[in-house]
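Numbering of ligands and ligand atoms starts at 1, following listing order. If you're wondering where the values come from, they're calculated on a predicted model, not measured in any experiment.
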Amino acid sequence: MPCRQAVLKCGGFGSIIGPAAIHFARICVMTSAVRAIPGESGWPIIGHSLRYIKNCNQLYDEMYAKYGAVYYNDFLMIRNIHLFSPAGNEFVLLDREGNFSSRLAWNIPLEKLFPNGLMLRDGEDHKFHRRLMAAPFKRAALAAYVDAMNPDIDSVTTIWGRRADFLFYPAIKQLTLGLAAKIFLGETLASDADTVNQAFVDLVAASLVLVRYPLPGTPYQRGLRGRRLLETYFRARIPGKRQSPDSDMFAEICRAQTESGESFSAEDIVDHMIFLMMAAHDTTTSSLSSVCYALAQNPEWQARIRADIDRLGGDRLHYDDMDEFTAAGLVLKEALRLYPPLPTIPRAAVRDCHFDDYRIEKGSIVTVSPYFTHRLPEIWTRPDEFDPERFGKARAEHNRHRFAWIPFGGGAHKCLGLNFAELQVKLVLFYLLRKYELAVVPGYKMPYRPSPIGRPGDGLPLILKPLS
Ligand code: HEM
């Protein structure tokens, strides 16, 4: 089995000695022997697709053991080159040399369902759209969302405690969908509730299927129908939202302008809104499930979060309190390390390039893996253990390489919603831990399904014991 220590050395020069050295190193690489990337294709046509869907993390561990930190697999006749090291993450995500396209890679699963979303754009076009999309994520906007979310999270978490056979995952999905309606759309969805919710649920479900052909009655066809319904829903409301003083994300995006007065077209707004809801939803439910599972197994961290709640005082958690809610922040970081919602991040090579002495051909899909680098023993002390203190100031293990901890990606496409996600997770923890002790039955181990977005395979049966 290749030594995991080699992973750090392999290609590590980029992060250590900067662009001039990279240029020099590239010349050396071009004049030294170019190695063929090792790997295997798997079954005819489907390649390793089924194994990826079943448990991609298991597949990665197995391939790494055979081939090391750079190898290839085939998925549905598409060659995937995996670079599994912090240096590989930096090479791909920072993309200093302009080797990669996010659009071409994400178009493969998402083009029909989420066309022109931010992740499906490149270069100057991406920069322009990202700048305009910053409006709903500014400080004042975030503070308003926090105020709006407090009462809903308070009341829904109270109801959870009355339920028998409580399953956390479907419950948190429902809660975050309701919050998305309010924060993203500025609606309680009273009249359209069922159709709009269902359309969105169908659309997200369709992005997770393997067979992407709209045969009647298939999830993919339902997803495309859902998309059409959502397009109509958003389009009809754009003129009103552009004029409104509303503080929801939809209104912020409709009103967003560059310094030179450019704004989004109606088509852009529809595409961004639908993409944004998808990008926010399953990732946040995934994180909250992992956080609550980890807390149920580590009551001492529940106690630390409760101590912060007591210190902060008050019945509501305000935006200005968030930085002081430190234990919850550490727990979230650690849960995202162990269970990153996106187990892999893909890019398409738009030109031939080299990583170390490996040649990557134009047209290949190149993936990096948050899951894999989050468990490297040279970076993380006892990597399989839940130990949030590793992110504390004293140890700061994540700073051992700036691309060692990448649940939100990095570079130009780094998650735009990371602060919003943290606020939402902290709010849910604030209300849950004021009311309940979280537990699981003795010996319970969450059956984790890592792909395409991580989730508990059994819905996560969480026990909520009311605090006296
Ligand atoms: C814990 C929760 C979340 C995780 C782990 C997560 C993860 C990620 C990752 C890994 C990427 C980069 C993908 C790539 O480089 O190809 C990304 C991009 C993005 N995320 Fe998140 N995300 C989360 C929550 C959210 C939320 C709540 C929102 C919106 C409110 C959001 C909006 C976006 C957007 C718009 C992009 C595209 C950015 C771009 O291409 O410039 N995400 N996210």
Side-chain angles (χ1 to χ4, degrees), residues 89-90 92-95 100-110 114 116-138 141-142 145-146 149 172 176-177 179-180 182-185 248-250 252-253 268 271-291 329 331-348 365-371 373-374 403 405-428 450 452-455:
N89 298 343
E90 181 170 357
V92 174
L93 297 178
L94 212 50
D95 192 20
F100 299 111
S101 160
S102 177
R103 181 175 69 85
L104 293 176
W106 282 113
N107 266 351
I108 297 169
L110 301 181
F114 301 98
N116 307 315
L118 210 50
M119 243 157 59
L120 289 79
R121 293 175 184 269
D122 286 327
E124 287 306 313
D125 173 55
H126 170 258
K127 252 190 218 154
F128 171 78
H129 282 260
R130 181 149 172 140
R131 220 178 304 128
L132 270 178
M133 285 282 283
F137 298 100
K138 296 213 165 114
L142 291 174
Y145 308 147
V146 169
M149 284 190 284
I172 193 68
T176 51
L177 201 59
L179 292 173
K182 187 171 186 180
I183 304 304
F184 288 55
L185 313 181
D248 53 87
M249 288 197 188
F250 186 18
E252 296 275 2
I253 289 173
D268 289 339
D271 288 340
H272 284 313
M273 282 308 302
I274 295 176
F275 176 82
L276 204 57
M277 288 181 65
M278 181 276 291
H281 186 56
D282 275 323
T283 47
T284 312
T285 53
S286 168
S287 322
L288 272 160
S289 302
S290 311
V291 162
V331 166
L332 171 62
K333 284 197 171 75
E334 179 67 337
L336 289 173
R337 182 186 70 82
L338 287 168
Y339 305 101
L342 263 71
T344 39
I345 302 174
R347 293 288 184 267
I365 296 294
V366 180
T367 60
V368 299
S369 166
Y371 159 78
T373 31
H374 289 180
F403 281 80
W405 186 74
I406 53 158
F408 296 108
H413 289 275
K414 187 168 184 176
C415 179
L416 198 56
L418 79 172
N419 293 325
F420 179 81
E422 182 173 350
L423 298 176
Q424 204 170 40
V425 169
K426 284 184 169 174
L427 278 166
V428 172
I453 293 183
R455 67 191 189 287

For atom 40 (O) of ligand 1, what's the nearest protein heavy-atom neighbour? Residue, atom name and distance, please. His413 ND1, 2.6 Å
Do the side chain of Ser102 and the main chain of Met119 share a donor and acceptor less than 3.5 angstrom apart? yes
Taking both backbone and side-chain atoms of Ser102, is any N or O found less than 3.5 Å from an N or O belonging to ligand 1? no
Give a yes/no verdict on whether any heavy atom in Pro346 is under 4.0 Å from an atom of ligand 1. no
So which protein heavy atom does atom 11 (C) of ligand 1 come closest to, and at what separation? Phe408 O, 3.9 Å
So CG of Leu276 and CE of Met133: to nearest 0.5 Å the spacing works out to 4.5 Å
So which atom in Ala412 and which in His126 form the shortest heavy-atom distance, rounded to 0.1 Å? O-CE1, 3.1 Å
Output yes when a side-chain donor or acceptor of Ser369 lies under 3.5 Å from a complementary backbone atom of Pro343, and no otherwise. yes
Taking the minimum heavy-atom distance to atom 25 (C) of ligand 1, which of Pro370, Pro343, Cys415 ranks first? Cys415
Give a yes or no answer on whether the side chain of Asp122 reaches the backbone of Arg103 with a donor-acceptor pair at less than 3.5 Å. yes
Once you round to the nearest 0.5 Å, how far does CG of Asp282 lie from OG1 of Thr285? 4.5 Å
Ligand 1 versus Phe100, non-hydrogen atoms closer than 4.0 Å: side chain, backbone, both, neither? neither
Which protein non-hydrogen atom lies closest to atom 13 (C) of ligand 1, naming both residue and atom, and how far is it? Met119 SD, 3.6 Å
Taking side chain as C-beta onward, heavy atoms only, is Lys182 less than 4.5 Å from Asp248? no
Close-contact set for ligand 1 against Ala412 heavy atoms, below 4.0 Å: 41 (O)
Closest to atom 38 (C) of ligand 1 by heavy-atom distance, out of Arg130, Met133, His129, is Arg130
Mode of Ala280 contact toward ligand 1 - side chain, backbone, both, neither (heavy atoms, under 4.0 Å): both
Among side-chain atoms of Asn89 and Thr373, is any donor-acceptor pair under 3.5 angstrom? yes
Per-atom filter on ligand 1: closer than 4.0 angstrom to a heavy atom of Phe184 are 30 (C)
Using a 4.0 Å heavy-atom threshold (strictly under), name the region of Ile345 that reaches ligand 1: side chain, backbone, both or neither. side chain
So, does His272 sit close enough to ligand 1 that a heavy atom of it is under 4.0 Å from the ligand? no
Can you find an N/O atom of His126 closer than 3.5 Å to an N/O atom of ligand 1? yes
Side-chain (Asp271) to main-chain (Asn116) donor-acceptor, under 3.5 angstrom: no
From the candidates Leu416, Asn419, Ile453, the one that places a heavy atom nearest atom 34 (C) of ligand 1: Leu416
Looking only at distances, can you tell me whether any N or O atom of Thr284, backbone or side chain, sits closer than 3.5 Å to an N or O atom of ligand 1? no
Could you check whether the rings of Tyr145 and Phe420 sit parallel, tilted or perpendicular, using 30° and 60° as the cut-offs? perpendicular
Heavy atom to atom 23 (C) of ligand 1, shortest distance: which of Ile406, Leu93, Thr283, Val425 holds it? Thr283
Quick check on contacts: which atoms of ligand 1 are under 4.0 angstrom from a heavy atom of Pro341? 5 (C)
For atom 1 (C) of ligand 1, the protein heavy atom that lies nearest, with its residue and separation: Ser287 OG, 3.0 Å
Could you check atom 7 (C) of ligand 1 against the protein and tell me its nearest heavy-atom contact, residue, atom and distance included? Pro407 O, 3.4 Å
Any idea which atoms of ligand 1 are less than 4.0 Å away from a heavy-atom of Trp106? 14 (C), 16 (O)
What protein heavy atom lies closest to atom 28 (C) of ligand 1? Include the residue and the distance to one decimal. Gly417 CA, 3.5 Å
Under 4.0 Å to a heavy atom of Phe420 - the qualifying atoms of ligand 1, by number: 27 (C), 30 (C)
Below 4.0 Å from any atom of ligand 1, is there a heavy atom belonging to Arg347? yes
Give a yes or no answer on whether the side chain of Ser286 reaches the backbone of Gly454 with a donor-acceptor pair at less than 3.5 Å. yes
Is Asp268 paired with Arg121 through a side-chain N to carboxylate O contact shorter than 4.0 Å? yes
So how far is it from Gln424 CD to Leu332 CG, rounded to the nearest 0.5 Å? 11.5 Å
Report the distance from atom CD1 of Ile345 to atom NZ of Lys414, rounding to the nearest 0.5 Å. 10.5 Å
